Amino acid sequence: QVQLVESGGGSVQSGGSLRLSCAVSGYIGTTYSMGWFRQLPGKEREGVAGMMFGGLTTCYNDSVKGRFTISRDNTKNTMYLQMNTLKPEDTGMYYCAALRRGTGRGCDINAQYVHWGQGTQVTVSS
């Protein structure tokens with residue numbers, strides 16, 4: 001059974017940084033696409049960042065470009081979201097996802113995924 005477990009969330013002041021981790025247990029291959037999503041208070045879940053299965057192509061929500069970086073370490077079966085220059089409007093629940101559904105081509109921050117984590121809270125104070 002595949003499980004994704006996020007960690008690294010917490011409270012930080014505006015301008016600070018956090019690194020979210022997503023540990024993948026169970027076998028889903030080594031070249032799966034992955035993504036990070038978030039749900040801000042009172043809003044629908046939105047895509048934050050995506051990485052294609054080869055690990056070379058990434059895409060980002062315009063609101064986080066230049067501040068967030070998605071990455072993965074296949075040796076540890078873990079993916080990451082480095083978040084710098086955090087803003088109060090980044091406050092929300094963050095989710096990781098793996099193994100993209102369908103046959104869509106290209107990086108898509110709002111792609112559909114098979115496996116999801118339980119979420120980790122990020123709170124940014126002004």
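Please read these numbers as outputs of a predicted model, since none were measured by experiment. As a basis for the values below, the full set of heavy atoms in this structure was taken, side chains included, without hydrogen atoms, waters or symmetry mates.
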> Considering all heavy atoms of both residues, which atom of Y94 and which atom of L81 are nearest to each other, and what is their separation?
Replying inline: CD2-CD2, 4.2 Å

> Taking atom OH of Y60 and atom CZ of R67, what is their separation to the nearest 0.5 Å?
Replying inline: 12.0 Å

> Between T78 and S21, what is the shortest heavy-atom contact and its length?
Replying inline: CG2-CB, 4.2 Å

> Would a hydrophobic clustering, with Ile, Leu, Val, Met, Phe, Trp and Tyr connected at side-chain separations under 4.5 Å, put V2 with M79?
Replying inline: yes

>> Would you compute the distance between atom OG of S126 and atom CD of E89 and round it to the nearest 0.5 angstrom?
In response: 10.0 Å

> Can you tell me how far OG1 of T120 sits from CZ of R38, rounded to the nearest 0.5 angstrom?
Replying inline: 14.0 Å

> Of the non-hydrogen atoms in S14 and K87, which two are nearest, and what is the gap between them?
Replying inline: OG-CA, 4.3 Å

> Which of these passes side-chain contact (heavy atoms from CB on, under 4.5 Å) with F68: L86, N61, T85, N84?
Replying inline: L86

>> Could you measure the distance from the CG atom of L40 to the CZ atom of R45? Nearest 0.5 Å is fine.
In response: 12.5 Å

> Do I28 and V114 have side-chain heavy atoms sitting under 4.5 Å apart?
Replying inline: no

>> If I compare all heavy atoms of R72 with all of M51, which pair ends up nearest, and what's the gap?
In response: CD-SD, 3.3 Å

>> Closer than 4.0 angstrom, basic N to acidic O: yes or no for D62 and K65?
In response: yes

> For the hydrophobic clusters of this structure (ILVMFWY residues joined by side-chain heavy atoms under 4.5 Å, transitively), does one cluster hold both M93 and W36?
Replying inline: no

> Got a donor-acceptor contact below 3.5 angstrom from the Q118 side chain to the V5 backbone?
Replying inline: no

> Can you name the nearest heavy-atom pair linking V48 to F37, along with the distance?
Replying inline: CG2-C, 3.8 Å

> Aromatic rings Y95 and W116: how do their planes relate, parallel, tilted or perpendicular, breaks at 30° and 60°?
Replying inline: perpendicular

> Atom SG of C96 and atom CD1 of I70: how far apart are they, to the nearest 0.5 Å?
Replying inline: 9.5 Å

> Quick one: does Q82's side chain have a donor or acceptor within less than 3.5 Å of a partner on R19's backbone?
Replying inline: no

> Considering all heavy atoms of both residues, which atom of L4 and which atom of A98 are nearest to each other, and what is their separation?
Replying inline: CD2-N, 3.8 Å

> Would you say V12 and M83 are hydrophobically clustered, going by side-chain heavy atoms of ILVMFWY under 4.5 Å?
Replying inline: yes

> OH of Y113 to CG of L99: how many Å apart, nearest 0.5 Å?
Replying inline: 9.5 Å

> Would you say T123's side chain and T91's backbone share a donor-acceptor pair under 3.5 angstrom?
Replying inline: no

> What's the verdict on side chain to side chain contact (heavy atoms under 4.5 Å, CB included) for D108 and R100, showing C-alpha distance, side-chain angles and the deciding distance?
Replying inline: CA-CA 10 Å; D108 179 1; R100 182 172 169 177; 3.8 Å; yes

